[in-house]
2 protein chains.
Amino acid sequence: MTIRLLLADDQALVRGALAALLALEPDLEVVAEVGRADEVVDAARAASVDVCLLDIEMPGDAAVPDGIAAAAALRAHVPGVRSLVVTTFGRPGYLRRALEAGASGFVVKDTPASELADAVRRVHAGFRVVDPLLAGESLAGGSNPLTDREVEVLRVALDGVPVARIAERVHLSPGTVRNYLSSAIGKTGTATRVEAARVARDRGWI
Amino acid sequence: MTIRLLLADDQALVRGALAALLALEPDLEVVAEVGRADEVVDAARAASVDVCLLDIEMPGDAAVPDGIAAAAALRAHVPGVRSLVVTTFGRPGYLRRALEAGASGFVVKDTPASELADAVRRVHAGFRVVDPLLAGESLAGGSNPLTDREVEVLRVALDGVPVARIAERVHLSPGTVRNYLSSAIGKTGTATRVEAARVARDRGWI
DNA sequence: GGTGGTCGATGACAGATGTCACGCCCACCC
DNA sequence: GGGTGGGCGTGACATCTGTCATCGACCACC
């Protein structure tokens with residue numbers, strides 16, 4: 001019996017290339033491909049998929065905006081499927097959030113191509129597959145010290161927009177936004193809101 | 001006679017997957033793979049390569065920091081080889097810079113996998129292959145209005161560091177840095193230095 | 001009822017930032 | 001020599017930002 005796979009990645013070329021790579025394995029079969037996070041659940045159900053390979057950075061809708069949310073949605077709605085997150089960025093917080101969302105595996109796109117099929121097989125067999133290097137960093141990184149509001153404000157601050165525009169977008173007064181930013185700057189040990197936002201992003205806090 | 005290919009991409013998984021995809025074509029053969037921009041020229045020479053597939057975002061050294069520089073280095077040192085840039089980001093400025101660097105083709109990773117092999121063949125045959133959507137944007141985008149100093153300062157400003165630290169890194173006085181930033185803010189039609197840096201990056205100006 | 005806690009807002013302050021006009025130096029050119 | 005212009009710096013100014021103390025509103029809890 002072959003393992004039935006779904007590929008979710010917004011870059012068609014990468015998706016197709018991964019399909020070609022996995023097609024080399026006789027016990028694996030790619031039965032569905034999607035390019036958006038919000039299409040994962042339907043496709044997984046329709047094709048009776050065993051394992052989903054999920055990129056994190058993918059377009060989606062408000063309910064399922066990215067690959068991590070797709071893993072959570074799969075666990076909730078199609079519990080038989082296992083998720084293997086395959087991502088460009090080995091940010092510690094991504095790993096933590098992916099595991100919290102119910103993903104069974106987490107590999108970065110730096111890993112050798114030869115290891116992917118094995119990761120799929122182990123995930124399908126019920127094991128947990130995690131990049132060992134990243135697992136260490138993730139534990140060392142600690143958990144997210146930011147409050148919900150700080151996260152919300154930092155997300156907007158990422159692009160470097162002025163405080164006034166951040167305030168508009170999150171429906172808070174400019175003064176309050178500055179308070180949250182100041183707090184986040186303190187927690188990240190940085191000097192400006194943009195630095196704080198970047199550090200928070202790299203640690204997977206936002 | 002098969003077309004001999006070199007794959008340059010820092011993500012091993014993507015590299016391997018592309019190799020599997022292209023191996024499906026009987027007239028194509030992947031004869032070399034590298035993960036750094038500064039290894040492209042040597043590898044291309046050693047394996048007598050016909051066409052190089054180059055990612056842009058790749059680590060490298062000071063002389064060849066990315067895939068675009070690798071295309072330029074190939075033209076200079078191994079003139080027989082043609083370059084096909086394969087990149088995640090369809091930024092208009094990337095296209096312009098890639099063509100200036102002597103690349104024969106430019107495709108984004110959104111394109112269907114089925115078209116890649118054809119793009120390789122056309123590049124090998126001496127044609128120029130350019131994403132048509134992007135070609136339009138690139139012409140509309142116009143050329144780079146920034147001075148060298150403005151570019152240098154904006155590159156550092158991308159991370160949101162304070163002006164004082166930008167001044168240290170580029171060996172200018174803080175006041176001068178602010179002048180360049182102010183000028184760049186005006187040219188980009190933005191409000192802060194970080195916004196200016198992001199706009200400039202997205203247009204391929206820095 | 002009181003009590004404590006959180007959330008959002010405000011005000012005040014120092015320092016950073018963006019803008020602008022101007023000055024200096026040096027290369028270049030007539 | 002006398003411009004002329006670009007690159008870099010300075011000073012001054014208004015505004016924005018980051019920090020901190022404080023306040024009112026609201027809610028949970030005893």
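Bear in mind the structure is a predicted one, so any value in this text is a computation, not a measurement.
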Any donor-acceptor pair under 3.5 Å from A:E115 side chain to A:P112 backbone: no

B:D61 (side chain) donor-acceptor with B:D38 (main chain) under 3.5 angstrom: no

Donor-acceptor under 3.5 Å (A:D66 side chain, A:I68 main chain): yes

Minimum side-chain heavy-atom gap A:P162-B:E195 below 4.5 Å: yes

For atom CD1 of A:I185 and atom P of D:dT17, their distance in whole Å: 11 Å

For A:R82, all residues meeting side-chain hydrogen bond (donor to acceptor under 3.5 Å, both in side chains), sequence neighbours excluded: none

Among A:R36, A:R15, A:K109, the one residue meeting salt bridge (Lys or Arg N to Asp or Glu O under 4.0 Å) with A:D9: A:K109

Contact pattern, 5' to 3', of nucleotides 4-16 of chain D - B, S or - by protein heavy atom under 4.0 Å: ---SSBB------

Terminal contacting nucleotides, 5' and 3', DNA chain C versus chain A (heavy atom, 4.0 Å): C:dC7 to C:dT10

Nearest-angstrom distance from the residue atom NZ of A:K187 to P of D:dG18: 16 Å

Donor-acceptor contact below 3.5 Å, side chain A:E150 vs main chain A:L146: no

Any donor-acceptor pair under 3.5 Å from A:T192 side chain to B:G160 backbone: yes

All side-chain hydrogen bond (donor to acceptor under 3.5 Å, both in side chains) counterparts of B:S182, not counting sequence neighbours: none

D:dT19 OP1/OP2 closer than 4.0 Å to side-chain N/O of A:S182: yes

Within residues 154-161 of chain A, residues whose heavy atoms come under 4.0 Å of DNA chain D: none

Pairing residues for A:R4 by the salt bridge (Lys or Arg N to Asp or Glu O under 4.0 Å) criterion, not counting sequence neighbours: none

